[in-house]
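Below is one structure, written out as structure tokens; the observations come after it.
In the text below, chain A, chain B and the rest are named by the order of the sequence lines, each starting its count at 1. Remember, it's a predicted structure, so these values are computed and weren't measured experimentally.
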Amino acid sequence: MPMEKTFDAAEAEARIYARWDQDGCFAAGANARPGADPFSIMIPPPNVTGALHMGHAFNNTLQDILTRWHRMRGFDTLWQPGTDHAGIATQMVVERELAAEGKSRRDFSRDDFVARVWQQKVKSRGNIRGQLERLGASCDWSREAFTMSGAPGAPEGEEGNFHDAVIKVFVDLYDKGLIYRGKRLVNWDPHFETAISDLEVEQVETDGHMWRLRYQLADGLTYDHPTAFDEDGNPTEYEARDYLTVATTRPETMLGDTGIAVHPDDPRYTHLVGKEAILPLIGRRLKIVADSYADPDKGTGAVKMTPAHDFNDWAVGERTGLQAINVMTPRAAMWLKDNADFAEGCEDWGLTRVIQALDGLDRYKAREWIVETADAEGWLDGMDADRHMVPHGDRSKVAIEPYLTDQWFVDTARIVQPALDAVRDGRTKILPEQHEKVYFHWLENIEPWCISRQLWWGHQIPVWYGLNMWADSATLPAGDLDEVDLGALLLDDGIVHAGDHHHAATDFGAVAKAFHKDIASLPQPLNVARVVEVEDKHAAIEALAASLADYAVSQDPTHLIYPVWRDADVLDTWFSSGLWPIGTLGWPEDTPELRRYFPTSVLITGFDIIFFWVARMMMMQLAVVNQIPFHTVYVHALVRDEKGKKMSKSLGNVLDPLDLIDDFGADAVRFTLTSMAAMGRDLKLSKDRIAGYRNFGTKIWNAARFAEMNGVWENHATHITPPRPTATVNRWIVGEVARARLAVDEALAAYRFNDAANGLYAFVWGKVCDWYVEFAKPLLADEATAAETRETMAWVLDQCLILLHPIMPFVTEELWSTTGHRPKPLIWADWPTYGADLIDADADREMNWVIALIEEIRSARAQMHVPVGLKLPLLRIELDAAGRAAWDNNAALIQRLARIDSLTDAPSVPKGAITIAAEGGLFALPLEGVIDIAAEQARLAKTLEKLEKDLTGLRGRLSNPKFVESAPEDVVEETRDLMAQKDDEAGKLRAALARLAELA
RNA sequence: GGGUGGUUAGCUCAGUUGGUAGAGCGCUUCGUUUACACCGAAGAUGUCGGGGGUUCGAGUCCCUCACCACCCACCA
């Protein structure tokens, strides 16, 4: 059955992929040579929230190219796939679904909610895998990993030990004091009601106002406020003021003000330092403190301090001993009622009014009320429109609130050094190198990493709390009970899944002795029979009270229990994905895969997650197993739309990779992305370009089709050994194949993906299809050369398929498996190693001469409007020995491709003929009656003009003695040769023109 | 405010140690010669953002200016 004219990608791709998968082609170590070196790549795990976009298509194409290339080269190759649980993003998706049903997560128990998220995860994971399969990704699906595998509540089919790894790392770092809990100001997302890290905050330029407020000085104090200045800017007149003017963009935070800062050297205010001002509305006394944070040149030089709601103020407060008063709820509404810290020191009249007006009110509503009230009461000193940056949550898109809460932190400053050193000393290389600077800058200025999130979906923090009490007292101590951090839970023989004991409260005593901080070593002696896990602190107090009451009656010490409860927070997603390299390979178990494939060879990722992920993986792997996670990090750019805009859902310019694959086939999409993957530059994707590479697939398809029609594949067995043909054309193309192979390997080894793709494109289309196939036609028709040409062409096309396969796996595999006799699928074919020794210099020179002559004749014919179908005789005016040999060897090819019917010698270019200059010779095409002389004159004149322009430049250079002296010899030599050649050609053209002039 | 990258043909972009500019698309002309019209042949188009410097020689190295993009940090 003859081949179709085009490759049916839609039909073939799924079939081919399924066969690869069934035959285990992707498995770790598949096609590895004995004793092969390992090559491993970890996929950047996509979020389980949704669909893959073009960035994923790009990223995974590059990974697949490297993977397939190494697999064919016989490396022990692993491409590790998997997905990330993406805490906040995934929880958001599920909460949105619930919202559509009119519910919130609070309507469910935590366990039920988490079960629902697992369902979402299972569904989405299938989508992601399906999309990667459409793209042709050859990852080892049998090893598919998930950053929350093995976590409590995981449904069947989600086993694995990633959770163990995460918990163990938390415990280990906790033991080393690298993880700590603290009441700190954090970035608080009032929508999700959770802390987020610095990286999850994006600054958004927002229209706002700067309000100036007057704060009365206490105790009749005044200061001299300058009201007039001389020309040098020195004050000349003053007025005594009994108030300070402070400015703010967020008036609602004033309720948390506890001080006013002035610069220690500001002469206006030095006498006020240590004195007090009075907060409007509620009459709280504000301490006036000296701190260099206050800039005398800004505003009035006096700054109000709200340590609980501003990061800078918090820092000043730490230095100067200001109290931090939280005045907001987790949803960023005002929290004034039942807020003892807030009420302390306030005037009753003010308190009553403010609570009535503002308690429970949203922060922005509260702002309006305060501004209106200030205006009405005369302590608003004015306002200006002000455009400034406001921090927003990157997921929720609401303004984040600096908020005072208990959170867990990684003391990153203490683990950052090895991550810096590894890149500095080159153990890990970052490409393109410019990204190293960004990496260094961030790590050198690293801040503590807030890793706790007030979410339900994620790894729950493995820390339990208990009550700080006298356990042997028979009654509850008076007053509130402090809680005490009991530490991370760890058994001597390894990790205990938190989930194993989550509901087994009665068994909890059995593991109590294994507490990291042993019960017996708690600050106060405990003498209890059992440790019981309860929901929270409130439940713990109740349970303890009941236990003690029971004991009081029964006097039975076995009734005494010690209630503990677990930290409700989960870990930042990036804490677990930061362990992706070791976690996917089975750590903390010492698996063969871990020993084999770690450290991994290369990480392919986008620049947008260098901080989020790459830097954290570096720090964490080095901190945990003291090894670099990867030898090379290749950072690729962004895929944009054809106008250069970032693709985003809100702009509606998103190109779905699946749609493109439907339209053009996966190979075309992959080739397009690869050809545009120049290091460090964003790529603009357009459908025209993809169509062009789809056409490229058709081109190679049809070259194979030509081969098939000419019996090239008959009796063809795959062999990697190049043939040793005798015909010049065949010798020539073998050398061209070798050049292409060297170029591809060199490009891929240097991560120059675009060079590899473009080089192959030029080779396959420009050399093989445009010239070799055309040359082969007469050779195949000639019995003397037919056999070796068939053999050579089969080999050449095989090499094209092999070299193209990493970039366009489907069409190449299809051609491979439907032609000749193949012992292995192409995905496992042996990558060639032949090199420059296959290049035959004589054949090279000869074929270049032939090609140049054909092009020259074609060009002349086209410009003279010679009918394409018209065959012409060619006149040989003069030709050197090399030229004669080349002609004699290839006369049939030249005549066919240049449409020449005969060659005869002539002494000179006759009247009515056009001149054809060739290296080492001169030809003429008699065109009497076909062309007009003026047109030929114009053609020659134009060519000559160009030549002479070149010659002027060359002559100028060579006549400059400094050039001949300083330039390298080979450059001078090359210039001389070029000059001689052009001079020769110009001479011929001048002669031809002169003759034409005579004739005219 | 600090930093990074970019500015090359009409469009999108390559251009690896400095040796005299390329590709794809688009455009023009011609063409269905037994692989391919998702094709073939031929052709036009660039003071390589501006200015200065180093050099025999600069798209490439240095300085400077302009504009664009992105990242980081924020001024109450």
Side-chain angles (χ1 to χ4, degrees), chain A residues 3 5-7 198 203 210 212 246-250 261 293-295 297-306 310-313 316 388-389 391 432 434-435 437-438 441-442 445 607-608 610-611 637-638 640 642 644 646 664 668 672 675-676 678-686 688-689 691-710 746-747 750 752 754-755 758 761-762 766 769-770 773-774 777 854-855 858-863 865-869 871 896-897 899 950 953-954 956-957 960-968 970-972 974-975:
Chain A
M3 287 169 68
K5 282 192 175 182
T6 55
F7 171 57
D198 298 345
Q203 304 290 337
M210 180 76 78
R212 292 186 297 277
V246 296
T248 180
T249 56
R250 308 188 54 209
Y293 167 72
D295 183 344
D297 295 331
K298 270 181 194 151
T300 60
V303 197
K304 76 185 203 56
M305 288 289 120
T306 321
D310 183 283
F311 286 101
N312 288 314
D313 295 2
V316 173
H388 56 266
M389 294 296 212
Q434 73 223 31
H435 288 290
K437 287 185 195 166
V438 183
H441 183 260
W442 190 71
N445 298 286
F607 68 85
D608 48 332
I610 291 179
F611 305 143
L638 226 57
R640 297 171 178 276
E642 54 194 317
K646 197 170 166 174
F664 301 104
T672 307
S675 74
M676 300 198 294
M679 250 189 241
R681 278 269 296 236
D682 286 352
L683 39 109
K684 293 179 190 155
L685 198 60
S686 79
D688 285 348
R689 185 111 182 211
Y693 291 119
R694 184 263 329 265
N695 298 351
F696 177 58
T698 307
K699 190 72 181 176
I700 178 116
W701 178 266
N702 277 288
R705 184 162 172 266
F706 170 83
E708 196 222 13
M709 292 166 81
N710 285 278
E746 196 186 348
R752 302 177 67 90
N754 58 322
D755 282 356
N758 296 334
Y761 184 96
C769 294
D770 285 351
V773 170
E774 294 304 323
K777 286 173 183 173
I854 292 170
E855 283 179 335
R858 279 175 172 175
S859 175
R861 290 178 59 126
Q863 286 180 63
H865 299 291
V866 178
V868 174
K871 291 200 171 187
R896 180 190 170 91
L897 296 181
R899 309 240 110 207
D950 291 350
L954 291 169
R957 271 205 281 167
N960 180 347
K962 281 186 179 170
F963 169 72
V964 185
E965 274 168 40
S966 351
D970 57 326
V971 172
V972 177
E974 214 175 284
T975 312

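- Candidate nucleotides B:rA35, B:rC70, B:rG19 were compared by shortest atom distance to the side chain of A:F607, and B:rC70 ranks first.
- On the C1' atoms, B:rA66 is 23 Å away from B:rA9, given to the nearest whole Å.
- Comparing the C1' positions of B:rU45 and B:rU8 gives an interatomic distance of 13 Å, to the nearest angstrom.
- Aromatic ring centres of A:Y693 and A:Y761: separated by under 6.0 Å.
- Taking the side chain of A:H865 as heavy atoms from C-beta on, and the options B:rA35, B:rG24, B:rU29, the nearest nucleotide is B:rU29.
- Residue A:N758 is out of contact with every strand shown, counting any heavy-atom pair closer than 4.0 Å.
- At a threshold of 4.0 angstrom between heavy atoms, the contacts of A:R858 are confined to the sugar-phosphate backbone, with no base atom among them.
- Minimum atom distance to the side chain of A:M389 is reached by B:rC74, of the listed B:rA35, B:rC74, B:rC38.
- Between B:rC30 and B:rG22, the two C1' atoms lie 25 Å apart (nearest whole Å).
- Using atom P as the reference point in both B:rU33 and B:rA37, the two lie 12 Å apart (nearest Å).
- For the pair A:R957 and A:F963, the cation-pi test (distance below 6.0 Å, angle within 45°) is passed.
- For the P atoms, the distance linking B:rC71 with B:rU28 amounts to 41 Å, nearest Å.
- Judged by distance alone, with hydrogens and angles left aside, A:Q863 brings no side-chain donor or acceptor close enough to the base of B:rA41 to form a pair under 3.5 Å.
- Nucleic acid contact for A:T6: base, since at least one base atom lies under 4.0 Å from a heavy atom of the residue.
- For A:R752, taking side-chain heavy atoms from C-beta onward, the closest of the listed nucleotides B:rC36, B:rC75, B:rG15 is B:rG15.
- Counting heavy atoms from C-beta on, the side chains of A:M676 and A:L685 come closer than 4.5 Å.
- Among the atoms of the strands shown, base atoms are found under 4.0 Å from some heavy atom of A:P968.
- Distances were taken from every side-chain heavy atom of A:K5 (C-beta onward) to each of B:rC39, B:rA37, B:rC74; the shortest belongs to B:rA37.
- Candidate nucleotides B:rU33, B:rC36, B:rU12 were compared by shortest atom distance to the side chain of A:R705, and B:rC36 ranks first.
- Regarding A:D755, its CG atom lies at a distance of 15 Å from the C1' atom of B:rG24, rounded to whole Å.
- Below 30°, between 30° and 60°, or above 60°: for A:F607 and A:H435 the angle between ring planes is below 30°, a parallel geometry.
- A:S966 comes within 4.0 angstrom of a base, heavy atoms only.
- As judged by a 4.0 angstrom heavy-atom cut-off over every strand, A:A703 is placed among the base-contacting residues.
- With hydrogens and angles left out, the side chain of A:R957 and the base of B:rU20 share a donor-acceptor pair within 3.5 Å.
- Contact between the side-chain N/O atoms of A:K777 and the OP1/OP2 oxygens of B:rU33 is not found at any separation under 4.0 Å.
- Phosphate contact (OP1/OP2 of B:rU33, side-chain N/O of A:K871, threshold under 4.0 Å): absent.
- Within 4.0 Å (heavy atoms only), A:N312 reaches sugar-phosphate atoms of the nucleic acid but no base atom.
- Across all strands, A:T249 comes closer than 4.0 Å only to sugar-phosphate atoms, never to a base (heavy-atom distances).
- For A:D688, the listed nucleotide lying nearest its side chain is B:rC25; candidates were B:rG40, B:rC36, B:rC25.
- Using a 4.0 Å heavy-atom criterion, one finds that A:M676 contacts no nucleic acid atom at all.
- Among the heavy atoms of the strands lying under 4.0 Å from A:E774 is at least one base atom, whether or not backbone atoms are also near.
- Side-chain contact check for A:R858 versus A:L897: some heavy-atom pair is nearer than 4.5 Å.
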Go ahead and write out RNA chain B as dot-bracket, 5' to 3': ( ) for pairs within the strand, [ ] for ones crossing earlier pairs, | when the partner sits on another strand, dots for unpaired; Watson-Crick or G-U wobble, both distances under 3.5 Å. (((((((..((((.....[..)))).(((((.......))))).....(((((..]....))))))))))))....
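- Spacing between B:rG51 and B:rU7 at atom C1', rounded to whole Å, works out to 15 Å.
- Side-chain proximity of A:F611 to the nucleotides B:rA35, B:rG19, B:rC71 is greatest for B:rC71.
- For the P atoms, the distance from B:rG10 to B:rC48 is 12 Å, rounded to whole Å.
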